[in-house]
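Heads up, the thing below is written out as structure tokens.
In what follows, every chain begins at residue 1, and chains take the letters A, B, ... in the order their sequences are listed.
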Amino acid sequence: MTDPVLTSSLLYLDDVRVSFDGYKALRGLSLVLAPNEMRAIIGPNGAGKTTMMDVITGKTRPDEGTVFFGGSVDLTKRDEAEIAELGIGRKFQKPTVFENHSVDTNVALALKAPRGAFATLFGRAARDAREKVDGILRRIRLWDHRARRAGDLSHGQKQWLEIGMLLAQDPKLLLVDEPVAGMTDSETATTAELLREIARDHAVVVVEHDMAFVRDLGVKVTVLHEGAVLAEGPLDRVSADPRVVEVYLGR
Amino acid sequence: AGETVKVGVLHSLSGTMAISETTLKDVMLMLIDEQNKKGGVLGQKLEAVVVDPASNWPLFAEKARGLISQDKVAACFGCWTSVSRKSVLPVFKELDNILFYPVQYEGEECERNVFYTGAAPNQQAIPAVDYLMSADGGAVKRWVLAGTDYVYPRTTNKILEAYLKLKGVAAEDIMINYTPFGQSDWQTIVSDIKKFGSAGKKTAVVSTINGDANVPFYKELGNQNIKATDIPVVAFSVGEEELAGMDTKPLVGHLTAWNYFESIDTPENKSFIDRWHAFTKNPKRTTNDPMEAHYIGFNAWVKAVEKAGTFKADPVIDALIGVSVPNLSGGFSTVMPNHHITKPVYIGEIGADGQMNTVWQTPGLVVAQEWSPYLEGSKDLIGDWRKPMSCGNYNVKLGKCGGAA
Amino acid sequence: MAGETAPLLDVSSIDLFYGAAQALRRVSLTAELGRVTCVLGRNGVGKSSLLRAVVGQQPIRGGAIRLGGEDVSRLPTHARAKRGIGYVPQGREIFPLLTVKENLHTGFAPVGRALHHVPEEVFELFPVLKSMMGRRGGDLSGGQQQQLAIGRALVTRPKLLVLDEPTEGIQPSVIKDIGRAIDYLRGRGDMAIVLVEQYFEFARDLADSFAVMDRGAVVMAGAKADMVEREVRAHLSV
Amino acid sequence: MPRTAIVAALLALLCAAAAPAHAAPVDDALAHFTADKFPETDRGIDELVASGAPTAPAVLGALGDGRLLFDPGSHRVYYAEASGALDDAATGARADGVAQGALKKVRLNNGIRSKLAAALGGLDLLSPDRAKRLAAADTAFHTPDPKSLAAIDAALGRETDPAAKAALLQARAAVVATSGAGPEADRLGAIATLTARGDGDALNYVNQAAAAPDASPAVKNAASAAASSIRFTLSLWQALQNAWYGLSLGSVLLLAAIGLAITFGVMGVINMAHGEMVMIGAYTTYLLQDLVAAHAPAWSEASLPIAVPAAFLVAGAIGVGIERTVIRFLYGRPLETLLATWGVSLILQQAVRTAFGPDNRPVSAPRFMAGSFHLGGLEITAGRMWIVVFTLAVFAALQVVLRATPFGLRMRAVTQNRRMASAMGISTGRIDALAFGLGSGIAGIAGVALSQIDNVSPNLGQSYIIDSFMVVVFGGVGNLWGTLVAALGLGIADKFLEPFAGAVLAKIAILVFIVLFIQKRPRGLFALKGRAVEA
Amino acid sequence: MQNHRTFGPRGLVFLAVLLAAAALVPASSLLTPAGSALHLSTYAVTLVGKYLCYALLALSLDLVWGYCGILCLGQGAFFALGGYAMGMYLMRQIGARGSYANPDLPDFMVFLNYHSLPWTWWGFSSFPYAVLMALAVPGALALVFGYFAFRSRVTGVYLSIITQALTYALLLAFFRNEMGFGGNNGLTDFKDILGHDVRSDGTRAALFATSCVALALGYVVAAAVTGSKFGQVTVAIRDAESRVRFLGYRVEHYKTLVFTLSAMMAGMAGALYVPQVGIINPGEFAPANSIEAVIWVAVGGRGTLVGAALGAVLVNWGKTYFTGAFPEYWLFLLGGLFVLVTLFLPQGILGLVDRLTARRRPGPPAERPVAPEEQVLPRPVAE
Ligand SMILES: Nc1ncnc2c1ncn2[C@@H]1O[C@H](COP(=O)(O)OP(=O)(O)OP(=O)(O)O)[C@@H](O)[C@H]1O
Ligand SMILES: Nc1ncnc2c1ncn2[C@@H]1O[C@H](COP(=O)(O)OP(=O)(O)OP(=O)(O)O)[C@@H](O)[C@H]1O
Ligand SMILES: NC(N)=O
Ligand SMILES: [Mg+2]
Ligand SMILES: [Mg+2]
């Protein structure tokens, strides 16, 4: 594997195909992400954005195609936990938190720390763990809710909590699926700012339908359609593309 | 007077064994009731303490302990399966009390605190085989030993196998088959039996199939059209009570071996049946062999208590040996030094009415062989609880009592 | 028309609790036929709770909910559906293992046999559903599920359509479609629509009247014309 | 006197129908019956046959049915007619005024029964009734005796019916093959006939033909070729037979599990009381049978079919009752349904035990479910066959209800998302109650069928509950087709293992197989894939 | 977040009661005269000793079920295996005192014509070896079984049913005399343990005290496990297994570890149970026994360790009492009790206590047994 694009990339997807009982969700998707790059992904409902994240995180095995991380790690051979340990974190489209744990425990569980069964059984929590958790809680504005059961949060609060968990995980690559769905405009702006800040030293892939938010991010945009890349480039150029207007933005 | 003496009744009233044991609880209540009407024992009234060990073996042990140490019963009547007996045995030994065990079993046991009023293998299985080998029984040459997979059938079949081989039956003329408890699909096995029986030699099935599995077994026999005249089945665990739950028409002619049948025509039996019907207020309730065993055991106990003049276990245990009480088939059963009783053996045919018609019986009473002479390990053992021997497993070859503890 | 005088939905001063925690405090809201009432507010202020109270998924402690004059506060959810409340919940709540077609057919329950067919307008509004009739609802993408959820509610031929953030996770062109759909439904005049939204432009374009919530209470309410965008936005920012 | 000799004697008797009656020997013969000893009875049969008394067939028939009575005092013998009227055994004349109570039955045992069967069977070889002739030929086939050859040949001479003729030829072949005598051609012919029959008995006789001391090399070769040919056919039939046994076991499993596939598979209730619903169905069958027997004896053959709807209603109603009083408070807490239904199952068991007693209740089989028939080399018992048919019918009906009715759709909607279903206007309470009632009712129906093959006792349900869960889960929870395939598959696997491993090991092997299989397919045989499941 | 209060006040009370009982009960039974008000009969001591073993079993089950969402319907198998290990030791102690006076072979082997001790019995004359086996055999079975099952991601009812199949298969296997464990009768008629007569009051008191200590120890271990970060992960697994994977935790390792630990606890419970009840036989493998254990946990309060132990003691005490006092009707009472507990005490008995004291503190999540049930029950799928 000496392909220069591959070795210099953080994430490399080439010709990935996935089908479910005959339905082709991904049809030759290719995508390259450089280290510390932030990328926005847009595309019609059902284009395969979430499926792409499933493939990267090991939830779905592609039928065909290559998926490499850090230039050398073949993600199709790893399971979810291994991939997470490699440094890929994810926020789900439907917020998924540990409903019976308190908000702060949710964050603490995500905190970067040894993940082994014996390590958690016998290990002591790092001294700065508490501060880190508190910092994140304040940042996602759930400090006041820290002792509540996560299952009792409202939809939007869960979204935030999941973002907080992603921060705690401190992965090399963040996959963020529709982070601002159900947020108010000002919250959306805050989130964009947060992501930009993270992107300074992390790679980020953001999926969103909120064009104002995508614009706020100010990064390269990839448009997926029917399981493959339809267009790629700055938002202005992409949104001027008549095909994108046709299938996605509408008139 | 005024004080009552308690008697423990340790039979499952729920769970898988309730089907067999509930009747035994009822018969004990009747016997105690009758005894009280006669004035009790030693001038004291008896009181039955009924508990439900729920077909659960550890619960048997717990209940036994409760009966003896909490309720202070003078004796217990109970258990059906061998495992329940094994489970309570240490308790009876430890707390030195008496258990009357009323069910046929595999033998190979002779304990001081237990009186075995059911049949040992030589009081049921061996005579049944003898009968089938006789001209009268059809001169059977080929044998299927079919049983439920547990200790009683396994041991009984081991004894029978040794016995049959001794009688010159070749190994290939013996088929042994075990099935799990509650087996309900007998298609394959019955068809195998049929095949085994079509080799041109007279074939019979010796069944040690337990309780619940019998109904589907006999239904399958009927369905596959195996008639008693082709391949008779002689069963050791099928009594009147089990037959009451079956449509017996297809079974007519199949055999059972017991020490008592409800159909036995004696005045004692008739009176017993009448009292039973009156007591249960059910003119259709059947009687069966283990009930008779309790009848004998209870009367023997009463007699022994009167002989000893006390309810204390030790004197009563000693007094029981040699006690002879009427059984229901017109004779007397005697408690022998090996704590088993003498019994007549009957072979009966199942009739369309669900009753057994005696077709053969031993000429006299049979003394139990608690240790089978046909097994390697036990052929040199005898049990005799009379003083001075007082040993349940005396080795006549070595001339000493084994395992005393 | 009766709607001219009395609103179809009249929520008056209700309280709602989750265990000991109060989520709604004396909340009032009305909705009239042929009009869209928009409920705005930040995360966790109680918008969904209010809708759940209206459809009957969450019991209220005080106040009353009237539909067409009848007090429905104590009726079970399905009885309210029979009286004409159609609900598009937040998070879509598609029956995952039923096919798209079956999902739509669940809407037959509250209506008479004569109406046991999917109204054609559902497919006109969301043509994607037509091509996916045989697929399991749970397999659809998020946006597709949202469209299915709206279509499913329309099958019950509601008089009151309650939508909880219907644009969440929807691609822009479909948001426009949904907007047009709501506009169309309003235009028919036989339906009152309550819309919970975070997406302010969308709400502003559609709404006839507003209610803005904060911390479990309605802090502003009135016709669109009476609303000052700056004040509303102030309530929506952190 | 050997049995075949009696046949010959009886035949002679019949052929010389008008032989003069000897009064004295008849009385002597009958006197044996009054001794109440089997050897005497045996002798009595011989002498009666030898006496050629005209009442002999009637007396022997009565003996076989247990209708032959004697007076211990007067030593007279009577036989009872079906009507209950008594006839004198010696004369056949009506014997009025004899006190029935004083009479004792002449006892039977299997030896006597066989002897009678042969005696009466011999008579039947020439019976005008075709069925009797067939049966007699079959008896002769199964008890080959050289002495009966003459009788068979005589019967063959008269026989015109092709089936009866074929049966007689087989009987003759059996005699020839086992006798170790006769011309070579005759023996070869017999071997050919037996090969054509091709069953276990034929194999046995062919082997005997080969083993005859004077068998010629030609006979030996023919016999060993025949034996291997029969063995091959037999092994093919055996495989089919095992498949049938498996199918029939599988359909019992399916029947027991199918109600659970609703209450557990579809509704998600861990229904430990499912077995008790089966039991209640079986008791309903028992009660109904008793009711019919008491009030409408003419309908007793129909009591089983009537029990099907009755059991459905009774068990279904109890199911609805349980749902309304207990289960409905537990939706969303399925684990607690385990606890509650376990309690319910204890209560139901004990209730039945208290009401009916702990012992088995007899349920008899209607005629159409009794006996067995052959299909080539397959032996199919009628009862099992009807159960297979019935099970498949229940399965099909259930599929229709679930797939093609609004009720089915609503039920699935409710179980997938109760809150949302309610918001769609579905009256969840009603659907829940009906669905649980449906599952319970089907369990009740299973009880009707199981009453035919198993104990009707308070423990009936307990013996099926584990297998039922195993089947539903193995097939994939909620997938009715999975339940079907799992039940039949496990049944067939069990029946193919049983001949090698024995019933106990076969069962263990099946359990181990399930454990291993689930590793490969963690969501059962027919697992649904995709997002919809994880959502 | 991190739950530093490993035991909490309730746990401390529980431990104190156990340790006090370990000291006082034997004293009362041995040192006070039979008539005295302070005297506890041997019957009572043995009975409670048995309940304590059940409590330890329940505790082990709660560890996997309440805190990790693994509804094991085969927990009785581990209990029974531990019991057999101890039973084999006790059998070997009988020596030549058996009926047949055979110094090498237990009685059942003699009459089944065994000529030498099967290899499975080697070493069991040593007490440490037997104790080791009581832990190691259930542990190893759980390790292997769990590793494969969890690696294959068998969850929910599928896992429950294969654990049930496991115990059922073991039941059938142990029934077979060929297995060399005494078939249906099992092992019984024990005489000595560590040189002391198992039937003496002193030994019984000692066994009782040991059971108390074992239960206390089991509780300490379980509480430490559930109170650690490991425990939080297992609860997270219970509630959202796949989400845990995406955080990088190896779910199968966690599950296998808890499962193995729990099996070893169950094995220990079985080993203590056998000398106190005097018999071990295949009946202990019966699936119904394992289901009953689940019910004790549910009655006491799933996800509350103390509750599980309490549930076991209460249900068994009820069973003892009802079967003696109402032998004909006890199933109505017990069955009714289960129904009522489910309807009125949805969180079990301790759940009720929690609810009554809820206002005082929110309680760490691990102590709150409300779990999304989807974890155990796959979403029903209609065909
Ligand atoms: N497990 C599955 N089984 C069947 N079809 C599936 C499965 N998973 C995804 N699909 C289909 O694949 C397509 C792509 O889905 P995906 O969720 O990736 O879309 P998306 O781009 O994330 O859409 P959205 O913006 O609406 O979230 C959809 O049409 C969906 O129905
Ligand atoms: N089931 C519940 N149990 C306890 N508290 C809840 C529950 N559902 C919501 N809450 C709480 O009630 C408050 C209102 O929640 P609600 O879901 O109504 O908010 P919302 O306005 O719809 O927010 P969002 O925009 O995030 O959807 C929140 O603080 C939330 O945490
Ligand atoms: N002793 C018996 N029949 O188990
Ligand atoms: Mg998506
Ligand atoms: Mg909301």
- [ ] Test side chain to side chain contact (heavy atoms under 4.5 Å, CB included) on D:F469 and E:L73 and set out the steps.
- [x] CA-CA 12 Å; D:F469 269 102; E:L73 292 181; over 6 Å; no
Taking atom [atom1] of [X] and atom [atom2] of [Y], what is their separation to the nearest 0.5 Å?
X	Y	atom1	atom2	result
E:L172	D:I510	CG	CD1	12.0 Å
D:L511	E:I162	CG	CD1	11.5 Å
D:F329	E:F344	CZ	CZ	7.5 Å
D:Q350	E:E328	CD	CD	8.0 Å
E:Y168	D:D467	OH	CG	5.5 Å
E:I295	D:E336	CD1	CD	12.0 Å

Task: Largest heavy-atom contact set with chain D, pairs under 4.5 Å, which of E:A169, E:A288, E:G335 - done: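 When all of E:A169, E:A288, E:G335 are compared, E:G335 has the most.
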Open item on the list: Can you tell me which of E:L331, E:V341, E:L333, E:T163 forms the most heavy-atom pairs within a distance under 4.5 Å of chain D?
Closed with: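 Sorted descending by pairs with chain D, the first entry is E:L331.
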Atom group of [X] that falls short of 4.5 Å from chain E, counting heavy atoms:
X	result
D:A261	neither
D:M411	neither
D:I518	both
D:T325	backbone

Task: E:R176, part contacting chain D, at a heavy-atom distance under 4.5 Å - done: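 Just its side chain gets close to chain D.
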TODO: Below 4.5 Å from any heavy atom of chain D, which atoms of E:I291 appear? Answer side chain, backbone, both or neither.
DONE: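 Side chain only.
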Could you check if a side-chain atom of [X] sits within less than 4.5 angstrom of a side-chain atom of [Y], using non-hydrogen atoms only?
X	Y	answer
E:F145	D:V515	yes
D:V326	E:T342	no
E:V157	D:F264	yes

Open item on the list: Donor-acceptor check, side chain of D:Q519 to backbone of E:S152, threshold 3.5 angstrom: yes or no?
Closed with: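 No.
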Measure across [X] and [Y] and return the closest heavy-atom pair with its distance rounded to 0.1 Å.
X	Y	answer
E:Y158	D:V477	OH-N, 2.7 Å
D:P522	E:R153	CB-O, 3.5 Å
E:F332	D:I347	CE2-O, 3.4 Å

- [ ] Walk me through it: do D:L516 and E:F148 pass the test side chain to side chain contact (heavy atoms under 4.5 Å, CB included)?
- [x] CA-CA 9 Å; D:L516 295 178; E:F148 285 105; over 6 Å; no
Task: Max heavy-atom pair count under 4.5 Å with chain E, selected residue of D:L338, D:V473, D:L348 - done: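 Among D:L338, D:V473, D:L348, the one with the most close pairs to chain E is D:V473.
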Task: Max heavy-atom pair count under 4.5 Å with chain E, selected residue of D:T337, D:L505, D:V504 - done: D:L505
Open item on the list: Within the supplied structure, the quantity of interest is the number of heavy atoms (other residues, nucleotides, ligands) at a distance under 6.0 Å from D:R328 CZ; does it exceed 12?
Closed with: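 Yes, enclosed.
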